[in-house]
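Notes follow the structure.
Each chain gets a letter, A, B and so on, in the order the sequences are listed, and its residues count up from 1. These numbers come from a predicted model, not from an experiment.
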Amino acid sequence: MIFSDVTRLAVRNLREAKLRTTLTSLGVAIGIASLVGMVSLGVGLQELTVGQFKKSGIFDSITVFPENRAFRRGGPMRMGRRAAENKAPEPSKPPEPLDDKAVQKLSALPNVREVYPNLRLPVEVKYENFSEFASALGIPLSSRGEGVFQKITYGSFFNNDTDDACLLSMDFARNMTSEDPKNLIGKTLSLGYASAMDIAGALANLPMGGMNVQRVEKKFTILGIIEREPGPNFGGGLFSSVMIPLKKAEDAGATDFTNPQALLQGLSNKKSYMMITVRVRRMQDTEDVEKKIKDLGFNAFSINDALQGAKKAFLILDVLLGLIGSIALAVASLGIVNTMVMSILERTREIGVMKAIGGSDWDIRKIFFVEASLIGLVGGVVGVVLGWSVDKIIGFAANFYVTRQGGTPAQMFFTPWWLVLGGIGFSILVSFLAGSYPANRAARIDPIKALRHD
Amino acid sequence: MAAIIEVQDLKRHYPMGHTVVRALDGVSFAVQPGEFVGLLGTSGSGKSTLLNLIAGLDTPTSGRLKIFDQNLDQMSREQLSLHRRKNVGIIFQSFNLIATMTALENITLALMFAGMPRVEREQHAANLLRAVGLSDRAAHRPSELSGGEQQRVSIARAMANSPAILLADEPTGNLDSKTAKEILDILETLNRQEGKTIVMVTHDAVLATRYAHRIIQLSDGQIVANGTSHEPAGGTA
């Protein structure tokens with residue numbers, strides 16, 4: 001018997017018992033609706049949380065450290081430290097320096113969008129009577145509109161990397177002035193910093209192997225103020241209150257005194273960085289690129305490492321919500337078994353006739369399997385629509401309430417395509433399994449007894 | 001000519017409570033191709049049990065049952081369903097048409113199990129309905145047909161897969177004598193013109209002797225008489 005005929009028979013059988021079919025499918029629909037609704041909530045919450053991370057613009061960046069700078073105690077370097085420990089048997093080999101050659105090597109990796117060194121210099125910020133030590137971070141122009149720079153609260157982002165311009169964090173700006181921070185835009189502040197310059201020839205004569213540090217003070221125009229400081233990994237391991245164009249930071253010949261290695265290497269006329277930021281083309285490339293960087297002999301860290309734990313937690317949440325949602329589906333599947341068994345009792349004689357005119361056990365089994373699966377298909381489709389609609393209504397009501405309470409509305413429920421198709425597929429699968437007992441029972445019916453059945 | 005049906009010491013016992021019902025208790029006979037055999041006997045004589053065994057709806061307790069030289073007693077359930085589909089067509093006393101299907105659909109169902117494509121089987125079923133004189137009843141459900149009409153649909157269905165053997169279990173039991181005669185005439189025509197081998201179970205000795213070439217009489221699961229009928233088949237009609 002060919003499949004289309006089996007389906008035709010199954011459809012006609014279901015039609016003969018419209019009310020029963022409708023009620024059973026509705027049961028399945030409610031089961032699927034609760035499942036889809038629950039998982040949508042899990043996925044929605046995950047998207048909401050991950051979305052916050054995404055806004056911070058750190059998903060596509062990897063921070064690269066020299067191999068031997070692995071943090072000893074905790075911190076975000078767990079993976080990196082492990083990598084460092086694994087390579088412990090080669091102590092004689094010097095670590096790969098983070099110099100311009102390293103920048104080139106990293107740029108050459110596939111799926112890498114941009115590579116820039118993290119230049120952070122300790123500065124003294126002076127503005128009118130205000131004076132405070134802070135850390136100034138070099139920001140590449142490509143960061144425009146990304147991460148924390150998506151929203152410039154006042155003023156604007158750097159126009160070019162030649163102007164002496166700076167951006168401030170809101171907190172820092174509030175410290176600088178008692179007025180509205182908005183008024184700082186266009187004003188000038190001065191940054192004082194130490195610069196280690198190579199002065200050819202003079203180096204050898206200087207004490208301490210040629211340390212030549214000058215104090216430089218420069219005027220910078222305040223171009224903009226942003227709400228949040230660039231966090232860890234976005235161009236620096238620490239928060240920075242003042243941001244200047246990356247080019248400016250390079251030109252300043254700034255030396256990070258917290259990095260003695262850089263200081264010493266600076267003497268041998270080889271510029272070296274404490275950290276380099278590698279940004280990948282797409283978020284999903286992060287893990288792969290991070291691995292490649294480690295293979296090159298550097299240490300690397302990305303927020304993805306930290307997110308692995310969060311992802312696991314969400315997976316558990318999803319499974320838990322899915323299980324709760326499945327309770328109704330389990331009940332519905334019992335409904336299918338019940339409906340099918342009833343249907344067999346009613347159609348016992350018909351099954352006998354089918355066998356008498358040449359229907360095999362397998363033919364009978366197929367008819368019942370397809371009937372159950374069709375109930376699952378209809379229930380699945382209706383259930384997904386139902387679940388989605390209920391989510392929309394609850395989401396709308398919740399946001400209405402949240403907005404009235406002065407909060408920001410958020411999308412709690414999210415129903416991705418895989419959930420829609422998965423929901424329908426799961427419904428068919430569950431119905432198919434529920435139909436297996438009745439189908440086998442129907443297939444094993446003794447035709448003689450069936451033909452005598454009233 | 002080799003026998004189309006060969007039965008040797010066939011037994012079918014049913015356990016019933018603490019006793020065993022010997023529905024068939026050592027039956028032996030053979031049916032030649034093209035024969036019209038009447039299985040005569042009272043209620044409980046084992047004639048229906050014998051027919052069910054030949055149909056492959058039941059399996060014997062012991063003995064040998066050969067159709068087309070194939071041992072039915074050793075066939076699997078799957079093989080038996082193939083046997084029912086290809087070798088035999090069954091006609092029941094109570095017609096056993098599927099109530100929710102039209103006359104035409106009842107016939108196409110049998111062709112569906114044989115895997116015949118849709119257009120072809122509808123054409124074939126329409127031809128079969130015409131052959132039993134029911135072309136105008138194709139779209140009617142069994143409840144809209146008279147007993148005689150239902151039995152004719154049932155004959156058309158039994159003929160659907162062109163089996164060599166037609167098995168009829170009291171085919172006229174639920175019909176008045178006029179209609180009964182019409183139905184038996186159809187069977188006789190199929191036997192004469194198309195050479196179908198027919199095994200008909202009946203308790204009506206008059207009908208059996210009128211149509212069957214040979215009558216096998218059963219009593220308590222055993223053959224008590226096996227011989228040519230006294231009157232020529234078809235009788236005076």
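Both the backbone and the side chain of B:Ala110 have a heavy atom closer than 4.5 Å to some heavy atom of chain A. Residue contact with chain A, scored on non-hydrogen atoms closer than 4.5 Å, involves the backbone and the side chain of B:Leu57 alike. Heavy atoms of A:Ala450 lying under 4.5 Å from chain B are absent altogether. In this structure, the portion of A:Asp363 lying under 4.5 Å from any heavy atom of chain B is its side chain and not its backbone. For chain B, the nearby part of A:Arg8 is the side chain; its heavy atoms alone come within less than 4.5 Å. Using a 4.5 Å cut-off between heavy atoms, A:Asp446 touches chain B through its side chain atoms alone.
By the 4.5 Å heavy-atom criterion applied to side chains, A:Glu350 and B:Leu109 are not counted as neighbours.
With respect to chain A, the highest number of heavy-atom pairs below 4.5 Å among B:Glu78, B:Met112, B:Met116 belongs to B:Met112. Ranked by heavy-atom pairs under 4.5 Å with chain B, the first of A:Asn13, A:Val6, A:Asp361 is A:Asp361.
At least one donor-acceptor pair under 3.5 Å links the side chain of B:Asn191 to the backbone N or O of B:Lys196. Side-chain atoms of B:Arg152 come within 3.5 Å of backbone N or O of B:Val132 as a donor-acceptor pair.
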Is there a salt bridge (Lys or Arg N to Asp or Glu O under 4.0 Å) between B:Asp73 and B:Lys66? Walk through the geometry before answering.
CA-CA 8 Å; B:Asp73 47 287; B:Lys66 275 181 161 182; over 6 Å; no

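Shortest non-hydrogen contact noted between A:Arg20 and A:Thr339 is CG-CG2, 3.6 Å.
Using bins of under 30°, 30° to 60° and over 60° for the plane-to-plane angle, the ring pair A:Trp362/A:Phe369 lands in the perpendicular bin.
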